[in-house]
Every structure is written in C-alpha cells, then in structure tokens.
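Everything below concerns the one structure shown next.
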Number of protein chains: 2
Amino acid sequence: MPDNATRQPAAASAGMSRYGQIAAQLQQKIVTGEWSPGTAIPAESALAVEFGIALGTIRQAIAVLVQQGLLERVQGKGTFVRTGLTGGSSAGMMRFFRFRSEADADAAPTAVPRSEILSCRSVRLDKGMASRFGLEAGARGLAISRRRWVADTPRLLESIWLPLPRCAALQDTPVAEWGELLYPLLSQRCGITVHRAMDEVTFRLLDAEEADLLALPPSHPCALVTRQAFDIQGQCVEYRLTRGDAYAFRYTAEIR
Amino acid sequence: MPDNATRQPAAASAGMSRYGQIAAQLQQKIVTGEWSPGTAIPAESALAVEFGIALGTIRQAIAVLVQQGLLERVQGKGTFVRTGLTGGSSAGMMRFFRFRSEADADAAPTAVPRSEILSCRSVRLDKGMASRFGLEAGARGLAISRRRWVADTPRLLESIWLPLPRCAALQDTPVAEWGELLYPLLSQRCGITVHRAMDEVTFRLLDAEEADLLALPPSHPCALVTRQAFDIQGQCVEYRLTRGDAYAFRYTAEIR
DNA sequence: TAGTGGTCTAGACCACTTG
DNA sequence: AAGTGGTCTAGACCACTAC
C-alpha cells in the first residue's frame with residue numbers, strides 16, 4: 001500500500017477520514033462550477049484512479065454528497081450534479097395551502113398558481129437585508145410584489161427581495177416573459193441556482209391593502225411564510241414574504 | 001464462493017438484494033420484540049457469521065435500518081435498537097409554539113409544559129377512530145382532556161384518544177402520577193413504544209369553552225395540530241388534537 | 001457491446017469504549 | 001487487553017443504459 005502522507009499533499013486533512021477529504025474536494029468542484037448542475041461527473045473508476053484510492057472509498061465520498069443533496073446517482077447512466085429547486089409543488093408555497101375551487105369540494109391537487117407581477121423596482125436595502133445578502137449597508141436590491149392566482153381567484157400575496165448586482169438581468173426582462181416560477185427565471189437570466197431554502201411560518205391578520213388584493217375581508221387571519229433561499233455556495237439569494245388565507249393553511253410533518 | 005441458492009432458504013427474496021433481505025429479517029427481530037428498544041444487537045461480526053455473509057454486507061443491511069430510524073450505531077459500544085419518541089422538545093408540541101413569559105421579552109428556550117389532566121374516561125369510539133386504531137366499530141377507547149401550562153399561564157389544550165384494551169393500565173394509574181409527558185407513561189405502563197408520528201397543522205377560531213380554558217378572548221384565532229402516533233409495528237396508538245394561540249405559532253422547515 | 005452504477009467478498013488496520 | 005464499530009483495499013460479478 002502506498003504511503004498516506006505522500007498521497008494527501010496539503011489538504012485540510014485534519015482528523016478527517018479519507019472519504020471525507022475526497023468529498024470536500026468533490027464539493028469544491030461543484031461549488032466552483034467546474035462541474036455544473038445537470039452534467040455527469042467522471043465515472044467512479046476514473047475518480048478512484050485520479051485520487052489514487054479504492055473504488056469503495058470514492059463511493060463513500062460520493063454517498064456523502066448524495067446525502068447532502070449535491071449529487072444524484074442513476075444506475076447505468078452516471079452520477080449527476082443536481083439541478084436547483086424549481087419552486088414547484090415540492091418546494092413551493094402550495095405545500096402549505098390547500099385551496100379549493102368554488103365549484104368542486106375536494107378538488108384535484110392544485111397546480112402551480114398563475115403569477116401576476118404587481119411591481120418590480122430597484123430599492124435601497126436596509127441594514128439587515130443587505131447583510132443577509134452579504135452586501136454593505138445601503139446597497140441596492142430588487143423589490144418585487146407578486147400576486148398568485150388559482151383558478152380565477154387571487155390566493156397568495158408575495159413580497160420578494162433579491163440582491164441587486166446579481167439579479168440585474170431581471171430588470172432587462174419584460175415581466176410578461178417571466179413565467180409562473182421565479183427559480184427557473186433566476187437560473188436562466190442570472191445564472192443563480194437555488195439549492196436550499198428555509199421557511200418560517202407564523203400567523204397574523206391581513207392589513208387593509210393585503211385584504212383588498214386577496215379579495216378577503218379586512219383583518220382576515222392569514223398565514224405568513226418567510227423564506228430565505230440560498231445558492232449552492234450557501235449565499236442568501238432571496239428573501240420572501242408570502243401571505244395566504246389562514247383557513248386554507250394545511251401543513252403535514254412527519255416526526256422521526 | 002458458496003452457492004447463493006443454498007443460503008437463502010425460502011425468504012421473501014423476490015428481486016431483493018441480499019442486504020435488503022437481511023435488513024428485512026433484522027427488522028422482524030425488532031418489530032416482534034426479540035430485540036427490545038434500548039438493547040444492543042449482536043456485533044457485526046457475529047451477525048455476518050450467523051447469516052453467512054461478508055462484513056460489508058451486514059453493514060449495508062444495518063445502514064438501511066439506521067436510515068429508517070430503527071437502529072442507532074455507537075462507535076466502540078455497539079448497535080442499539082432505538083428507544084421511542086419521548087414527546088420532548090424535538091417531537092413535542094413546543095416545536096410549533098414560542099411562548100414568552102410576560103416578564104422577559106425573548107425568554108429562555110421553553111421547557112416541557114406542566115400537564116393538568118382535566119378529564120380521563122372510557123368512551124365508545126366512532127367508526128373512524130376505531131378503524132384508525134385497528135378496532136371494530138363500537139370498540140372503546142380512552143378520551144383524555146389535558147391543559148398544559150408554561151410558567152403559570154395556560155397555553156395548550158389537548159384532546160387525546162387512546163385504544164382501550166392496550167391502554168387499560170392508564171386507568172389504574174392516578175393522574176397525579178402521570179407526570180408531564182404521555183409517551184414515557186405509555187411506555188412504562190402499557191409497554192407501548194411510540195416510534196413515529198404525523199402532525200397536521202391548520203388554523204381556526206377557539207370556541208367559547210376552549211377560549212375560557214386558555215384565558216383568551218372568545219373567537220381568538222388558534223393553531224390546531226392533529227397528531228397520529230404509531231408504534232414500531234406501524235399501528236396507530238394515539239390520536240390527538242392540540243390547540244394553542246395562533247399568535248404564538250412559529251414553525252421552521254428546511255427544503256432540500 | 002461497452003460503460004455505468006449496484007452488490008458482494010474477504011480480508012486489513014484504525015479509533016473508540018469498557019473492564 | 002478485548003470487543004465494538006469506522007475506514008479502506010482490491011478485487012469480482014450483476015443490472016441497467018446507451019449506442
């Protein structure tokens with residue numbers, strides 16, 4: 001067996017297992033974009049040769065990144081860098097709400113809501129929002145107001161903030177061409193991959209303007225979902241507030 | 001290498017990998033109680049000999065059950081059958097609510113609320129509840145009403161149903177000896193291990209009686225958590241409705 | 001048919017826990 | 001010192017996917 005010390009040049013090998021070090025190196029290739037989302041990484045056998053380790057060890061390293069959601073294995077085809085979140089039913093707001101069309105009682109699983117951009121303008125970010133995006137106080141961002149419809153009824157109200165140098169391309173895109181989902185747009189226009197998001201749910205009453213836009217009575221109760229989305233480097237790329245009828249809120253969680 | 005056909009007697013080996021079959025057999029030993037919660041299972045080497053397979057294969061089988069939450073590995077000590085849920089902060093209702101004492105603003109992480117049993121009586125279960133518990137229509141169950149306090153303030157109202165032959169031992173235990181948590185009680189008195197639970201959250205308004213018990217105004221908004229808890233065999237062993245002030249509701253979820 | 005990941009073996013040595 | 005799980009090797013064959 002070759003000597004370990006000659007194999008690990010100067011990496012961050014402090015108390016880390018071999019496959020842990022390899023996993024970190026693979027993660028670097030993904031985060032830096034050397035391996036881009038959707039593409040296949042080299043075969044296990046090739047990587048084993050490249051790193052000078054056994055097949056089982058490179059498999060263990062890959063397993064770590066699969067667990068983290070960075071890679072995806074497909075039998076017979078290869079191992080692929082995962083595409084970011086789409087904002088569809090699994091990651092989108094519809095997993096928090098169950099809206100019924102007025103017609104049928106327990107309707108079909110609700111599809112992606114139609115998006116109506118109410119406003120989109122460049123604003124100066126307050127200190128908290130700027131630091132969230134890793135910008136200096138006073139930096140600018142994009143503030144978007146969006147209303148989402150399900151079957152001819154306004155259902156969700158969203159206030160979205162995006163960091164501005166990164167998302168400038170959105171300003172050059174007519175809102176008519178935005179489509180229904182934000183994340184595919186961020187990917188295509190700004191090269192931003194949303195890899196992870198944190199949602200926090202609380203409860204309050206609608207103010208007069210919100211109630212009007214949602215066609216609900218003033219002071220109607222609403223669920224408020226606060227989302228922070230992060231790219232593959234762990235940088236926050238979106239802050240969003242979503243309001244929807246509290247009586248349509250329905251969320252299921254499994255414990256252990 | 002020994003012949004495979006001689007090694008797998010008559011198990012459910014239909015299209016299943018070797019470690020998958022072994023995992024199923026280990027799961028049987030846990031579910032049937034041959035290996036009880038909290039105890040160590042035989043060492044990997046012993047199991048490898050017992051099943052006539054390589055160490056790596058038994059490790060893969062164990063990994064499956066660890067992933068399922070049935071086993072827990074501890075380096076240097078052994079592999080243990082996991083103890084059930086406790087209903088503490090990780091699995092309990094406090095992960096849905098953030099109550100503040102009136103004194104200090106952003107207080108310490110709230111501990112387990114004190115439990116006050118309002119009533120506990122044997123009732124006839126309706127058809128839905130009975131079938132949930134795997135009982136025939138008209139079977140009996142235990143209906144418990146419980147109020148939970150955090151620092152001298154009533155905060156949560158719970159209605160709990162339990163299947164009756166299984167939980168009969170609770171009727172012989174004075175409520176003064178119940179303690180603050182239900183699941184340890186179920187474990188000690190009835191031998192029931194709660195292994196998994198499903199929570200569903202919705203919003204509605206408190207009725208007059210509920211509001212009175214929670215010292216809140218009538219028609220105050222509340223979060224309603226509906227829980228079904230299951231034992232290690234997958235049998236439902238608890239149905240619970242929990243109501244708490246909607247303004248204290250706060251839940252965080254990570255996506256991907 | 002060639003290439004991929006999936007399964008499995010039979011060893012070895014290491015790190016941690018316990019008596 | 002003995003026993004446990006954790007890591008790693010260097011092979012083998014199988015199942016699936018593509019061309």
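Just so we're on the same page: letters track the sequence lines, and every chain starts at 1. Treat the numbers as computed from the prediction; the structure is a model and nothing was measured.
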Report summary line: Shortest non-hydrogen pair, B:Ala61 vs B:Leu26, comes out as CB-CD1, 4.5 Å
Report task. Compare every heavy atom of B:Cys190 with every heavy atom of B:Leu170, then report the nearest pair and how far apart it is. Result -> CG-SG, 4.0 Å
Please tell me which of the listed nucleotides, [options], lies nearest to the side chain of [X]?
X: A:Tyr19; options: C:dC8, C:dT9, D:dC8; value: D:dC8
X: A:Ala43; options: D:dC8, C:dG5, C:dT9; value: C:dG5
X: A:Glu44; options: C:dT9, C:dG6, D:dT7; value: C:dG6
X: B:Ala54; options: C:dA10, C:dT7, D:dG6; value: C:dA10
X: B:Arg59; options: D:dG6, D:dT9, C:dT9; value: D:dG6
X: A:Ser45; options: C:dT4, C:dT7, D:dT7; value: C:dT4

For [Y], is there an ion pair with [X] - N to carboxylate O distance below 4.0 angstrom?
X: A:Arg240; Y: A:Asp199; value: no
X: A:Arg196; Y: A:Glu238; value: no
X: B:Arg98; Y: A:Glu200; value: no

Query raised in the report: Taking OP1 and OP2 of D:dT7, is either one under 4.0 Å from a side-chain nitrogen or oxygen of A:Thr57?
Result: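 No.
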What is the distance, to the nearest angstrom, from the [atom1] atom on [X] to the [atom2] atom on [N]?
X: A:Ile22; N: D:dT7; atom1: CD1; atom2: C1'; value: 13 Å
X: B:Ile58; N: C:dT9; atom1: CD1; atom2: P; value: 10 Å
X: A:Phe51; N: D:dA10; atom1: CZ; atom2: C1'; value: 19 Å
X: B:Leu47; N: D:dT4; atom1: CG; atom2: P; value: 10 Å

Query raised in the report: Of B:Ile62 and A:Ser17, whose nearest nucleotide on DNA chain D comes first from the 5' end?
Result: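 Taking each residue's closest nucleotide, the earlier one in sequence belongs to B:Ile62.
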Report task. Indicate yes or no: at least one non-hydrogen side-chain atom of A:Arg155 is less than 4.5 angstrom from one of A:Arg148. Result ->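 The answer is no; the side chains never approach within 4.5 Å.
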Report task. Measure from the ring center of A:Tyr251 to the ring center of A:Phe97 and say whether it is less than 6.0 Å. Result -> no
Query - Interface residues of residues 73-80 of chain A with DNA chain D (non-hydrogen, below 4.0 angstrom) - result: A:Gln75, A:Gly76, A:Lys77
